[in-house]
Amino acid sequence: MAIKQTAGRDALGEFAPKFAELNDDILFGEVWSREEELSLRDRSLVTVVSLIAMGLTDNSFRYHLESAKKNGITASEMAEIITHAAFYVGWPKAWAAFRMAKEVYGE
């Protein structure tokens with residue numbers, strides 16, 4: 001099932017149309033839609049951990065936490081994922097991730 005994403009075009013369509021196209025059509029429309037290779041649940045897990053590793057806990061992180069929740073990652077699994085990642089990505093990054101994960105999973 002292809003994901004129909006418009007966030008790139010909505011935010012950057014006029015300013016950076018090529019980037020918006022790559023975001024919406026390639027990253028989400030093609031890569032995220034390759035479910036035979038990797039499930040949406042697993043893609044969410046990989047993406048969340050990657051963003052934590054970069055220390056990126058902004059609105060894009062919130063979006064991917066919400067997607068992870070929608071794609072079947074439970075609150076207890078997310079807590080375990082962040083706890084495990086903390087030893088590899090850094091304790092402060094895990095703390096930041098936990099703050100937002102509590103908000104998303106508490107909603």
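Only a predicted model underlies this, so the values are computations on that prediction, with no experimental measurement involved.
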So which atom in [X] and which in [Y] form the shortest heavy-atom distance, rounded to 0.1 Å?
X: Ser33; Y: Gly29; result: OG-O, 2.9 Å
X: Val49; Y: Ala85; result: CG1-CB, 4.4 Å
X: Thr47; Y: Trp32; result: OG1-CZ2, 3.3 Å
X: Ile82; Y: Ala101; result: CD1-CB, 3.8 Å

Item checked: CG-CD distance between Asp10 and Gln5, expressed to the nearest 0.5 angstrom ->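 Those atoms lie 8.0 Å apart.
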Next item on the list: With rounding to the nearest 0.5 Å, note down the distance linking CD in Glu66 to CG in Asn59.
Entry: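 These two atoms lie 9.0 Å from each other.
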Notebook entry, point to check: Among pairs that include at least one residue of residues 78-97, which meet side-chain hydrogen bond (donor to acceptor under 3.5 Å, both in side chains), considering only residues two or more places apart or in two chains?
Noted result: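 Pairs touching residues 78-97 that pass the test: none.
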Notebook entry, point to check: Is Leu40 linked to Tyr63 within one hydrophobic cluster, defined over Ile, Leu, Val, Met, Phe, Trp and Tyr using a side-chain heavy-atom separation of less than 4.5 Å?
Noted result: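 In one cluster: yes.
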Notebook entry, point to check: Can you say whether the rings of Phe28 and His64 are parallel (under 30°), tilted (30 to 60°) or perpendicular (over 60°)?
Noted result: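 Phe28 and His64: parallel rings.
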Margin query: Under 4.5 Å side-chain heavy-atom separation, chaining through any Ile, Leu, Val, Met, Phe, Trp or Tyr, what else clusters with Ile26? Say none if it is isolated.
Written below: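 Same cluster as Ile26: Leu22.
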Note to self: If hydrophobic residues (ILVMFWY) are linked whenever their side-chain heavy atoms come closer than 4.5 Å, directly or via other members, who joins Leu12 in its cluster?
What the structure shows: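 Under the 4.5 Å side-chain rule, Leu12 groups with Phe19.
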Validation: residues 70-79 side-chain donor-acceptor distances under 3.5 Å, sequence neighbours left out:
residue, atom, partner, partner atom, Å
Asn71, ND2, Ser44, OG, 2.9
Asn71, ND2, Ser67, O, 3.1
Thr74, OG1, Ser76, OG, 3.3
Thr74, OG1, Glu77, N, 3.1
Thr74, OG1, Glu77, OE1, 3.3
Glu77, OE1, Arg41, NH2, 2.8
Glu77, OE1, Thr74, N, 2.9
Glu77, OE2, Arg41, NH2, 2.7

Checklist line | With sequence neighbours excluded, residues passing salt bridge (charged side-chain N to carboxylate O under 4.0 Å, His left out) with Asp25 | finding: Arg9
Notebook entry, point to check: Does Glu37 have any side-chain contact (heavy atoms from CB on, under 4.5 Å) partners at least two apart in sequence or in another chain, and if so, which?
Noted result: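 Residues passing side-chain contact (heavy atoms from CB on, under 4.5 Å) with Glu37: Arg34, Arg43.
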Please tabulate, for side-chain N and O atoms in residues 50-58, each donor-acceptor pair with protein atoms closer than 3.5 Å (sequence neighbours left out).
residue, atom, partner, partner atom, Å
Ser50, OG, Val46, O, 2.8
Asp58, OD1, Ser60, N, 3.0
Asp58, OD1, Ser60, OG, 2.5
Asp58, OD1, Phe61, N, 3.3

